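Just so it is clear, the structure is predicted and the values come from calculations on it, not from any experiment. Every chain is numbered from 1, with letters handed out A, B, ... down the list of sequences.
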Protein chains: 2
Amino acid sequence: MSVSEKGAPMSLKNGPRADSRDDSMTNQEPKPAAGDRRLDDFLCFAIYSANLAYGRAYKPGLDELGLTYPQWIAIVALWEQDDQTVSELGDKMFLESNTLTPILKKLEAMGYLRRQRDPADERQVRVSLTDAGRRLREKGMHMNLVKSSGLKPDEFARLQKSVVRLRDNLIKAMEEE
Amino acid sequence: MSVSEKGAPMSLKNGPRADSRDDSMTNQEPKPAAGDRRLDDFLCFAIYSANLAYGRAYKPGLDELGLTYPQWIAIVALWEQDDQTVSELGDKMFLESNTLTPILKKLEAMGYLRRQRDPADERQVRVSLTDAGRRLREKGMHMNLVKSSGLKPDEFARLQKSVVRLRDNLIKAMEEE
DNA sequence: CTAAATTAAATCGTATCCGATATATTCGCG
DNA sequence: CGCGAATATATCGGATACGATTTAATTTAG
């Protein structure tokens, strides 16, 4: 079985004219010599395209909530811990203020959170959910936002951990220049 | 060991004030009842943040090539098979013409590819690499674009396949409404 | 104690993504 | 043949990401 599953849909609409040539080499890093690998053999592309797919799978549910994906993540992160600074929230969401500030301003305009300078350190802005924000989180909690991943619980859990490990390793490698 | 690895860096700069509360429930789907899960327990968020991390890890190498990530993917996809239509390329990249067209126009302006209407069907635009585009692909091939994932080949390969399966399942589930 | 360095947000410009729509070409059916 | 439906790109507006810069507040050095 090649990397791209037998009859799996590979695209938005039509399967990609499956020209599966057999290759046992499925990973990129363990063998850095050859560069002529297929797109699906790049882990980075698998992640990239899975992210696109997740975004599309979530869209209908998020539309019901009237939120975008990053907006929803921000609500969830604030539900976990309220009254965070922009930086703290950014640490959890892997975003910085240049991206986060506009998102938070929009959520504030929607009435789901409050932004206020910390009196103890006026450089910081503390963000906290409003009652409406908490109600929204509750609503999303009881909705089934996700389509089925189709993976068995076992594989699902392993995948979850591996992706987190991958992410953290990439970031650690970057921090070490 | 909790989902978020022991000392793993969880953010761009500082670890997120690790408040790891112990939870054995690491996956989202197998138990759709409870909605009060932590951000790291969402597979969608793991993918989302891993994608951000990959983008940052690739940035330095791609800067050397003078390309963005989607631009690079397009070059790789055309290297695999030249003279594709915009739709075919979109099938492989999981993008549609609204996103792809501007990217292709830019690459054309850079001199890395040609875009021309198919004489047999003027609706279609066929895209093919120029010599400069092929040279660029060769250059990227010999560069080490990726930092280390830090995963063992075994886990790396499994992860690769699982992510592809996840992506294809999500898309298939959407196609079935 | 104050000027320089540091830090936290915000702003700005560029490049994706994506839904909705527009335009052009081809197909299908009477 | 002819015209409405379907198809392939392209365009446009809104919402992220992100590097670079700016502004304001705090900390640190001398």
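- Using cut-offs of 30° and 60° for the angle between ring planes, the B:Tyr69 and B:Tyr58 rings count as perpendicular.
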Contact state string [nucleotides 5-15 of chain C, B base, S sugar-phosphate only, - no protein heavy atom under 4.0 Å]: --BSBBBB--S

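- Distance, B:Asp118 CG to C:dA24 C1': 15 Å, rounded to whole Å.
- A:Lys59 meets the salt bridge (Lys or Arg N to Asp or Glu O under 4.0 Å) test with A:Asp63; sequence neighbours excluded.
- Look at B:Tyr69 and you won't find any side-chain N or O under 4.0 angstrom from OP1 or OP2 of D:dA17.
- A:Leu62 has its CG atom 16 Å from the C1' atom of D:dG14, to the nearest Å.
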Report the C-alpha separation of A:Glu108 and A:Arg115 in whole Å, then their side-chain angles, then the decisive distance to 0.1 Å, and conclude whether the salt bridge (Lys or Arg N to Asp or Glu O under 4.0 Å) test is met. CA-CA 7 Å; A:Glu108 181 181 42; A:Arg115 292 162 60 251; 2.9 Å; yes

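- The CG atom of A:Leu107 sits 18 Å away from the P atom of D:dG14 (whole-angstrom rounding).
- Across A:Leu95, A:Val125, A:Ile73, A:Leu104, a single residue satisfies side-chain contact (heavy atoms from CB on, under 4.5 Å) together with A:Leu89, and that is A:Leu104.
- The nearest whole Å value for the distance from the NZ atom in A:Lys59 to the C1' atom in C:dC17 is 11 Å.
- Side chains of B:Thr85 and B:Arg126: a donor-acceptor N/O pair is absent below 3.5 angstrom, by distance only.
- Here the P atom of nucleotide D:dA17 and the CZ atom of A:Phe94 are 13 Å apart, to the nearest Å.
- Regarding B:Tyr58, its OH atom lies at a distance of 20 Å from the P atom of D:dA17, rounded to whole Å.
- The separation between A:Tyr48 atom OH and D:dA17 atom P is 13 Å, rounded to whole Å.
- Separating the CG atom of A:Leu95 from the P atom of C:dT16 is a distance of 18 Å, rounded to the nearest angstrom.
- Between B:Tyr48 and A:Tyr54, a ring centre-to-centre spacing not shorter than 6.0 Å is recorded.
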